[in-house]
Amino acid sequence: MGVVIEIPSALKQYVNDQDEVEVSGSSVEEAIGALVAEYTELKVNLFDENGKIRSFINVYLNDDDIRYADGLKSEVQDGDSIQIVPSVAGGCSTVKNS
Amino acid sequence: MKLNNEEINRYSRHLTLPEVGMAGQLELKESSVLMIGAGGLGSPLGMYLGAVGVGKIGLVDFDVVDHTNLHRQIAHTTSDEGRPKVESLRDTILAGNPNIEVEIHNIRLARDNVLELFKQYDIIADGSDNFETRYLINDAAYFSKKPLVSAAIFRFQGQITIFSPEAGGPCYRCLYSEPPPASLVPN
Amino acid sequence: MLPGVVGLIQATEVIKLILDRGAPLIGRLLLYDAMKMNFKEVRVRKDPECVLCGDNPSVTELIDYEAFCDVPLPGAEVPEEIDEAAYELSPQEFKAAMDQDPSAVLVDVRESFEWDICKIDGAQLLPLSSFEPATSGLNQEDSIYLYCYKGKRSMLALKELKKAGFKKLKNLSGGIDLWAEEVDSDMPQY
């Protein structure tokens with residue numbers, strides 16, 4: 001049993017449309033690192049050029065924001081869940097208007 | 001403020017709930033809510049706020065009802081196509097409950113009108129569909145010291161929270177200090 | 001149906017605030033997933049470094065939100081500035097030019113879910129999300145006629161092709177949406 005990372009629908013296209021991906025690692029950084037190593041297109045969507053989580057994305061470890069724990073260094077154990085939650089702004093629209 | 005006999009009858013199932021009662025029903029009648037967006041979220045939101053007896057509802061939207069809105073923006077019907085959404089939603093709300101007041105603002109919310117508008121309401125409800133408006137609403141709600149009940153959807157996922165720094169909670173910027181780059185914004 | 005559920009939760013929270021009853025969604029972000037049909041809750045907190053409500057705020061009045069939200073993607077290539085008008089054809093012009101052009105190749109750069117709704121006869125689908133001139137199978141000898149929903153995405157594809165050396169390029173102005181209005185009245189609009 002590893003760590004389950006839940007993928008929001010806004011980013012599912014980069015992980016073959018999966019809802020969640022199981023990885024292994026001992027910190028959030030390792031776990032997400034394993035995820036983006038497998039799905040390389042996800043990297044630019046999650047991290048800025050300095051390797052920090054982008055400011056419109058929050059990462060929750062077992063339902064609490066990692067910014068208020070040890071950030072990417074926060075320790076994880078098998079059975080933990082990591083939730084990636086991007087900022088969304090929709091009130092109704094669905095179709096690409098371009 | 002008192003309820004008339006029609007209102008007492010209408011809200012009777014509320015009046016007999018200990019959580020609401022006559023005092024609660026009067027609080028609803030005396031309250032005012034400004035809704036931004038009269039579309040997918042605004043339809044059910046406005047219809048329910050009106051039905052339960054929120055005394056004053058303000059509607060902000062500058063769009064008109066399009067045929068492609070009808071399958072999910074349930075306050076608008078086929079005959080409303082082409083009408084301003086705020087008018088269509090107002091009519092639906094008032095058809096459900098004529099005892100309340102619905103103020104329509106057929107405008108694009110902007111820096112020069114938002115604070116004046118927020119002043120006139122107790123609670124702000126955000127159902128807008130773009131980041132510019134969401135940050136504008138967040139900042140204006142903070143400066144106006146009004147709680148902001150925020151909901152957003154993307155495909156089959158929804159996010160709901162209340163931004164109320166006054167009550168010790170975060171604001172939208174505490175969660176997301178910056179919007180996504182335009183090219184990453186999922187439509 | 002998703003906005004219905006979310007809008008009603010929003011209404012419930014508004015009513016609770018008015019009545020001052022129950023536990024409001026302050027400090028909690030509720031996540032609803034209709035496909036999994038589950039609700040999750042995560043804890044959200046006030047950021048002491050928040051530029052608006054933090055300890056040392058720098059945003060003390062309303063700002064220019066359009067500029068604030070116009071964030072470029074770091075490292076992304078800015079599309080080349082070209083004289084777009086030189087490549088744009090109205091739906092009638094686009095059809096007439098294609099009909100007379102024996103080397104015409106019609107390319108639809110929308111996504112597959114849009115292709116399933118409607119398409120122009122004879123087109124091939126090359127979605128912009130995975131569009132690469134080198135692997136597109138398109139030939140520089142041919143005249144490439146591009147379209148999308150409204151004409152913007154196909155212009156981006158056109159710029160990529162131009163950069164890759166393609167010279168005979170045309171873009172359907174207004175996209176398949178305007179085509180449905182002006183050329184093919186049987187085509188559904190979405």
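All figures in this text were calculated on a predicted structure; none of them were measured in a lab. FYI, side chains are in, hydrogens and waters are out, and symmetry mates aren't considered; it's all heavy atoms of this structure. Lettering follows sequence order; numbering is per chain, from 1.
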For [X], does the [atom1] atom have more than 12 heavy-atom neighbours from other residues, nucleotides or ligands under 6.0 Å away?
X: C:K95; atom1: NZ; result: no
X: B:E81; atom1: CD; result: yes
X: B:F156; atom1: CZ; result: no
X: C:N56; atom1: CG; result: no
X: C:M35; atom1: CE; result: no
X: B:R108; atom1: CZ; result: no

Most heavy-atom pairs under 4.5 angstrom with chain C, which of [options]?
options: B:E27, B:E178, B:R111, B:Q159; value: B:R111
options: B:G158, B:A167, B:G46, B:S177; value: B:G158
options: B:I162, B:V149, B:I123, B:T161; value: B:I162

### Query
Quick check: does any side chain N or O of B:S31 sit under 3.5 Å from a backbone N or O of C:I18, one acting as donor and the other as acceptor?
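Pair absent, no side-chain N/O of B:S31 close to backbone of C:I18.
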### Message
Please check: side-chain N/O of B:E132 versus main-chain N/O of C:F68, any donor-acceptor pairing under 3.5 Å?
### Response
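Not at all, since once roles are kept as given, no pair shorter than 3.5 Å links the two residues.
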What are the two closest heavy atoms between [X] and [Y], and how far apart are they?
X: B:G40; Y: C:P3; result: O-CB, 3.3 Å
X: C:A11; Y: B:L49; result: O-CD2, 4.0 Å
X: C:L19; Y: B:G24; result: CD2-O, 3.3 Å
X: B:A125; Y: C:V14; result: CB-CG2, 4.5 Å
X: C:L62; Y: B:A140; result: CD2-N, 3.9 Å
X: C:V6; Y: B:A151; result: CG1-CB, 3.7 Å

Among [options], which residue has the highest count of heavy-atom pairs closer than 4.5 Å to chain B?
options: C:I9, C:V5, C:D20, C:T12; value: C:I9
options: C:L2, C:D64, C:D47; value: C:L2
options: C:R21, C:E13, C:E41; value: C:R21
options: C:L29, C:D33, C:L52, C:V59; value: C:L52
options: C:Q189, C:K40, C:E66, C:E61; value: C:E61

### Task
May I ask you to test the B:R173-C:C53 pair for a side-chain heavy-atom distance under 4.5 Å?
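No; the side chains remain at least 4.5 Å from each other.
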What's the separation between atom [atom1] in [X] and atom [atom2] in [Y], rounded to the nearest 0.5 Å?
X: B:S43; Y: C:L8; atom1: OG; atom2: CG; result: 10.5 Å
X: C:I15; Y: B:Y48; atom1: CD1; atom2: OH; result: 11.0 Å
X: B:D139; Y: C:Y65; atom1: CG; atom2: OH; result: 3.0 Å
X: C:C50; Y: B:L175; atom1: SG; atom2: CG; result: 9.5 Å
X: B:L45; Y: C:Q10; atom1: CG; atom2: CD; result: 4.5 Å
X: C:Y190; Y: B:T68; atom1: OH; atom2: OG1; result: 11.5 Å

#### Entry: Contacting moiety of C:V44, where chain B heavy atoms sit under 4.5 Å
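Both parts, heavy atoms under 4.5 Å.
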Is it the backbone or the side chain of [X] that comes under 4.5 Å from a heavy atom of chain C, or both, or neither?
X: B:N138; answer: both
X: B:S150; answer: backbone
X: B:P147; answer: side chain

#### Entry: Test: C:R28 cationic atom under 6.0 Å from B:F163 six-membered ring centre, within 45° of axis
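The answer is no; the distance or angle limit is not met.
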